[in-house]
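Written below as structure tokens is the structure these notes are about.
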Amino acid sequence: MTLAASLVGFLFFLIGAALKLVLIAIIANAILSWLFAFDVINYRNRFVYQLATALDRITSPILAPLRRFIPPLGGMDLTPVVALIIIQGLQIYVIPALHLTSLRLVGA
């Protein structure tokens, strides 16, 4: 395996890991929002507030564009579900195809 192929493989490993972390952040943010909605936890706890703020900062750039097109249905925000489906599709279909194509381009 050449150096270029190794670098391409590492780059796609980083992309896959980043997508997995975003997937986990979206799930955690959705669960946390349900816990707030049902008053299981609240923002008065400093750790909970910081965790919710951090997760919101990570997920809002992904969810905000989707919220412009997907209205809440019956008070339920479905954008996390749509985002999870899109990210899973990228991980399963798009990223491997791009990986194979880039490996062919570098001659591996």
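FYI, the numbering just counts along the sequence from 1. What's counted below: heavy atoms across the whole structure, side chains too, no hydrogens, waters or symmetry copies.
Nearest heavy-atom pair across L66 and A83 is CD1-CB, 3.7 Å. Nearest approach of Q91 to G16, heavy atoms of both residues: NE2-O, 3.8 Å. Taking every heavy atom of both residues into account, P80 and A30 meet most closely at CB-CB, 4.5 Å. Looking at every heavy atom in both residues, S102 comes nearest to V8 through OG-CG1, 3.1 Å. Pairing each heavy atom of I58 with each of P61, the nearest pair is O-CD, 3.5 Å. Of all the heavy atoms in V106 and A4, the pair that sits closest is CB-CB, 4.0 Å.
Linking Ile, Leu, Val, Met, Phe, Trp and Tyr residues whenever their side-chain heavy atoms come within less than 4.5 Å places I86 and I70 in a single cluster. If you chain together hydrophobic residues whose side chains sit under 4.5 Å apart, L51 and I31 fall into the same group. Both W34 and I27 are part of a single hydrophobic cluster, where members link through side-chain heavy atoms under 4.5 Å apart. The cluster map of Ile, Leu, Val, Met, Phe, Trp and Tyr, joined by side-chain heavy atoms under 4.5 Å apart, puts Y49 and V40 in the same cluster. No continuous path of hydrophobic side-chain contacts links Y93 to L19 [ILVMFWY only; heavy atoms under 4.5 Å].
Rounding to the nearest 0.5 angstrom, the gap separating the CG atom in L11 from the OG atom in S6 is 12.5 Å. Separation of atoms CG (L90) and CD1 (I85) is listed at 12.0 Å; rounding is to 0.5 Å. For the atom pair OG1 (T53) and OH (Y43), the distance works out to 7.0 Å, reported to the nearest 0.5 Å.
Partner I62 forms a side-chain contact (heavy atoms from CB on, under 4.5 Å) with one of N29, T79, V22 and no other, that one being V22.
Side chains of I41 and L32 form a contact here, defined as non-hydrogen atoms less than 4.5 Å apart. Taking the side chain as every heavy atom from C-beta outward, I15 and L98 never approach each other to under 4.5 Å.
Relative ring orientation between F12 and H99 is described as parallel, the plane-to-plane angle staying below 30° on a 0-90° scale split at 30° and 60°.
Counting non-hydrogen atoms of other residues, nucleotides and ligands closer than 6.0 Å to CZ of F36 gives a total above 12.
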- Message: Quick one, I87 with I26, criterion side-chain contact (heavy atoms from CB on, under 4.5 Å). Give me CA distance, side-chain angles, the key distance, then yes/no.
- Response: CA-CA 10 Å; I87 291 171; I26 290 172; 3.7 Å; yes

